[in-house]
Amino acid sequence: MAIDKTLYDRLGGKPTLEKVHRIFYDKAFAHPWLSKFFTDKPQEVLENQQTDFMSQLMGGPKIYGGKSPKSAHQHMLITDELFELRSQLLSDAIREAGIDDGLREEWLEADRTLKRAVVKKTESECTQAYPNQPILNFPKC
Ligand code: HEM
């Protein structure tokens, strides 16, 4: 029965994750505030890392070999407001990829499990992974 399948399988596997992440990062890179955080890594690399990470989280292949979300974002002041903005863009991207509302909700729920690992209240909660790593804190715009 379809309901026994993993979220990854019910979404249609890797091609669906790749499609959504392409649409999502197009939006993130075009957004005046969110794009400020994305200066170091090429969009395609981020898309692939996000696809591998979410694949694992949704019960698909375990191929993600990057940092944990907590350490990858330790130097970024990701406020609650910024996280919610990202969630909205992700939701829009999932919808634009033609995925039904039930699966979209499940995807957003899985994504939301990482909220506590990345969100901070103040810059004092940011830490550097190595000396001189810039702290990323951009006012809303
Ligand atoms: C507003 C919220 C977020 C912002 C601004 C953000 C921004 C970024 C940036 C700039 C990078 C590249 C870091 C680098 O240069 O190495 C990155 C990496 C990454 N992000 Fe996020 N992110 C956010 C939320 C999330 C969430 C909720 C997840 C998980 C569902 C996530 C998963 C990842 C992963 C897997 C990587 C790759 C880590 C690595 O191997 O280096 N991000 N993110």
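FYI, side chains are in, hydrogens and waters are out, and symmetry mates aren't considered; it's all heavy atoms of this structure. Just so you know, ligand 1 is whichever comes first in the structure, and atom 1 is the first atom listed for that ligand.
Ligand-side atoms of ligand 1 in range of Ile78: 1 (C), 2 (C), 3 (C), 4 (C), range being under 4.0 angstrom from any heavy atom. The atoms of ligand 1 that sit less than 4.0 Å from any heavy atom of Gly66 are 40 (O). Residue Tyr64 approaches ligand 1 through these ligand atoms, each under 4.0 Å from one of its heavy atoms: 35 (C), 37 (C), 38 (C), 39 (C), 40 (O). Residue contact check: Phe83 has heavy atoms under 4.0 Å from atoms 27 (C) of ligand 1. Atom numbering of ligand 1 starts at 1 in the shown order; those under 4.0 Å from a heavy atom of Leu82 are 1 (C). Contact atoms of ligand 1 toward Leu46: 11 (C), 12 (C), 17 (C), 18 (C) (distance under 4.0 Å to a heavy atom of the residue). Interface atoms of ligand 1 facing Ala72, defined by a heavy-atom separation under 4.0 Å, are 38 (C).
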Check against side chain to side chain donor-acceptor pair (under 3.5 Å), Gln50 and Tyr25 = CA-CA 10 Å; Gln50 193 74 20; Tyr25 281 106; 3.1 Å; yes

ask   = Going through the distances and angles, do Arg86 and Asp111 end up as a salt bridge (charged side-chain N to carboxylate O under 4.0 Å, His left out)?
value = CA-CA 10 Å; Arg86 175 187 171 281; Asp111 187 85; 2.8 Å; yes

inquiry  = Pair Glu18, Asn48 - check side chain to side chain donor-acceptor pair (under 3.5 Å), show working.
reply    = CA-CA 7 Å; Glu18 286 176 332; Asn48 292 337; over 6 Å; no

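Scanning the protein heavy atoms around atom 10 (C) of ligand 1, the nearest turns out to be Phe37 O, 3.1 Å. Nearest protein neighbour of atom 37 (C) of ligand 1, counting heavy atoms only, is Gln49 OE1, 3.4 Å. At the top of the distance list for atom 30 (C) of ligand 1, counting protein heavy atoms only, stands Asp111 OD1, 3.2 Å. Protein heavy atom closest to atom 2 (C) of ligand 1, with residue, atom name and distance, is Arg86 CD, 3.3 Å. Of all protein heavy atoms, the one lying nearest to atom 41 (O) of ligand 1 is Lys41 NZ, 3.0 Å.
At a 4.0 Å cut-off, not a single heavy atom of Leu136 sits close enough to ligand 1 to count as contact.
Nearest to atom 31 (C) of ligand 1 by heavy-atom distance, out of Glu81, His31, Met76, His73, is His73.
Electrostatic pairing of Glu105 and Arg112 does not count as a salt bridge here, judged by no charged N lying under 4.0 Å from a carboxylate O. The pair Glu109-Arg104 fails the salt-bridge criterion, with no side-chain N (NZ, NE, NH1 or NH2) lying under 4.0 Å from an Asp/Glu carboxylate O.
Residue contacts with ligand 1: Asp40 is placed with no nitrogen or oxygen under 3.5 Å of a nitrogen or oxygen of the ligand (distance criterion only).
Across all their heavy atoms, Lys27 and Leu89 have their closest contact at CD-O, 3.8 Å.
Contact annotation: for Gln50 versus ligand 1, heavy atoms closer than 4.0 Å belong to the side chain alone.
Of the possible donor and acceptor atoms, none in the side chain of Ser91 sits under 3.5 Å from a partner among the backbone N and O of Ser87. One N or O on the side chain of Ser55 and one on the backbone of Pro61 form a donor-acceptor pair closer than 3.5 Å.
For the side-chain hydrogen bond (donor to acceptor under 3.5 Å, both in side chains) with Gln49, the qualifying choice from Glu44, His21, Lys41 is Lys41, the only one to do so.
How far CZ of Arg10 is from NZ of Lys5: 9.0 Å, rounded to the nearest 0.5 Å.
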